[in-house]
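Okay, structure first, notes after.
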There are 2 protein chains.
Amino acid sequence: MNSQGFPKVTGPSDDKATPTMPPYNVFEDRCPTRLVLERLADKWAVLILARLEPGPVRFNHLRRGIKGISQKVLSQTLKRLERDGLISRSVFASVPVTVEYALTPLGRTLTETISALAHWAENNMDAVLAAQAAYDGAAV
Amino acid sequence: MNSQGFPKVTGPSDDKATPTMPPYNVFEDRCPTRLVLERLADKWAVLILARLEPGPVRFNHLRRGIKGISQKVLSQTLKRLERDGLISRSVFASVPVTVEYALTPLGRTLTETISALAHWAENNMDAVLAAQAAYDGAAV
DNA sequence: CAGTATCCCCCTCGATACTG
DNA sequence: CAGTATCGAGGGGGATACTG
């Protein structure tokens with residue numbers, strides 16, 4: 001990478017028009033990229049996005065699919081994701097009302113990236129587990 | 001992807017030896033892959049890993065490099081990452097003691113994956129911001 | 001310099017109950 | 001079915017002070 005360390009530091013569109021366009025930098029606490037971090041820092045959000053990958057899912061179905069999530073957290077996380085433009089919410093006026101959540105195109109690009117993480121987990125889980133065991137063993 | 005939705009569900013090494021090797025599944029709360037999620041669910045951990053990417057860094061240097069982190073959180077997060085085998089801690093008995101933190105080979109493979117996330121943030125930040133503005137605007 | 005220890009507040013999350 | 005409202009416990013994290 002670069003000398004800064006992390007993100008390739010270029011604004012999304014460096015037109016000369018924008019007066020003070022600071023380059024994105026996760027290490028600055030005012031940087032909007034921290035927002036993405038916050039989003040992923042929510043484990044539930046990640047799981048929801050993952051769960052929506054195959055296709056639209058209804059609220060309670062989502063709830064049952066993600067072991068351990070409460071309806072409150074599910075609800076508020078869904079709202080946040082919708083606000084971020086990552087998922088869409090569609091209401092169908094059926095007899096008992098039906099609501100479907102689905103990935104937006106934007107959300108879909110994120111889940112692609114996230115799946116890279118999932119693969120990392122699959123491939124390196126054992127190494128992490130072993131490291132923990134070694135660390136804990138040595139500590140005793 | 002697959003029908004399950006998220007991870008390519010295969011054990012890291014599906015030898016026929018292991019008796020009950022449940023396939024990794026993030027949606028199960030007992031699945032070790034949740035551990036990776038927990039790790040990334042810590043925004044500070046991500047920032048630390050990112051910061052270590054260019055090379056070894058000392059404690060206070062790290063602290064100054066990551067705006068907003070407290071020494072307590074830095075300390076405990078470093079310990080966790082070390083336990084997970086993602087970073088190493090080297091003590092140099094110089095006049096004032098010096099400690100360097102660095103990525104392990106394992107940690108390095110993770111930062112590669114994480115940088116994909118950073119690039120996503122760079123490329124899609126504007127879309128997210130726009131979505132938020134639209135959402136908030138419509139709400140009023 | 002590189003931490004540990006302590007206090008304390010906030011904010012999240014879970015549980016429960018209620019609504020359209 | 002798909003949520004919202006309220007309460008209450010818990011823990012993470014910040015600020016500060018101290019140590020080797």
Quickly work out the B:Phe59 CZ to C:dC1 P distance and round it to whole Å.
11 Å
OP1, OP2 of C:dG3 versus side-chain N and O of B:Tyr101: anything below 4.0 Å?
yes
What I'd like to find out is whether the side chain of B:Asp42 reaches to under 4.5 Å of the side chain of B:Arg80, using heavy atoms alone.
yes
Any strand counts, and the cut-off is 3.5 Å on both contacts for Watson-Crick or G-U wobble. Which nucleotide pairs with C:dG20?
D:dC1
Once you round it to whole Å, what is the distance between C1' of C:dA2 and CD1 of B:Ile87?
14 Å
Counting any heavy atom closer than 4.0 Å, what does A:Phe92 reach on the DNA or RNA strands: base, sugar-phosphate only, or nothing?
nothing
A:Lys43 NZ - C:dC13 C1' separation (whole Å)
10 Å
Quickly work out the A:Ile48 CD1 to C:dC13 C1' distance and round it to whole Å.
14 Å
Phosphate oxygens OP1/OP2 of D:dC1: is one of them under 4.0 Å from a side-chain N or O of A:Ser94?
no
Counting only side-chain nitrogens and oxygens, does A:Gln76 get under 4.0 Å of the OP1 or OP2 atom of C:dC13?
yes
Base, sugar-phosphate or nothing for A:Val99? Non-hydrogen atoms, less than 4.0 Å.
sugar-phosphate
Give me the atom names and distance for the closest heavy-atom approach of B:Arg51 to B:Val57.
O-CG2, 3.9 Å
Tell me: NZ of A:Lys72 to P of C:dC11, nearest whole Å?
13 Å
For A:Ile69 and C:dT12, what is the distance between atoms CD1 and P respectively, to the nearest whole Å?
15 Å
So, OP1 or OP2 of D:dA2: does either fall under 4.0 Å of a side-chain N or O from A:Arg89?
no
Mind checking if A:Val73 touches a base, just sugar-phosphate, or nothing, with heavy atoms under 4.0 Å?
sugar-phosphate
B:Lys79 and A:Tyr135 have their tightest heavy-atom pair at CG-OH, 3.5 Å
Select base, sugar-phosphate, or nothing to describe what A:Arg63 touches, counting heavy atoms under 4.0 Å on all strands.
nothing
Between C1' of C:dA2 and CG of B:Asn60, the distance in whole Å:
6 Å
May I have the list of side-chain donor-acceptor pairs in residues 96-104 of chain B shorter than 3.5 Å, sequence neighbours left out?
{"from": "B:Thr98", "atom 1": "OG1", "to": "B:Ser94", "atom 2": "OG", "distance (Å)": "2.8"}
{"from": "B:Thr98", "atom 1": "OG1", "to": "B:Pro96", "atom 2": "O", "distance (Å)": "3.4"}
{"from": "B:Tyr101", "atom 1": "OH", "to": "B:Arg89", "atom 2": "NE", "distance (Å)": "3.3"}
{"from": "B:Thr104", "atom 1": "OG1", "to": "B:Gly85", "atom 2": "O", "distance (Å)": "2.6"}
{"from": "B:Thr104", "atom 1": "OG1", "to": "B:Leu86", "atom 2": "O", "distance (Å)": "3.0"}
{"from": "B:Thr104", "atom 1": "OG1", "to": "B:Leu106", "atom 2": "N", "distance (Å)": "3.4"}
{"from": "B:Thr104", "atom 1": "OG1", "to": "B:Gly107", "atom 2": "N", "distance (Å)": "3.0"}

Within less than 4.0 Å of OP1 or OP2 of D:dA2, is there a side-chain N or O belonging to A:Ser75?
no
What pair of heavy atoms forms the shortest contact from A:Arg63 to A:Ile69, and how long is it?
O-CG2, 3.9 Å
Find which nucleotide of DNA chain D each of A:Lys79 and B:Thr77 is nearest to by heavy atoms, and output the residue with the more 5' nucleotide.
A:Lys79
Rounding to an integer number of Å, can you tell me how far A:Gln71 CD sits from D:dT6 P?
15 Å
For A:Asp42 and A:Val97, find the nucleotide of DNA chain C closest to each by heavy atoms; which residue's nucleotide sits nearer the 5' end?
A:Asp42
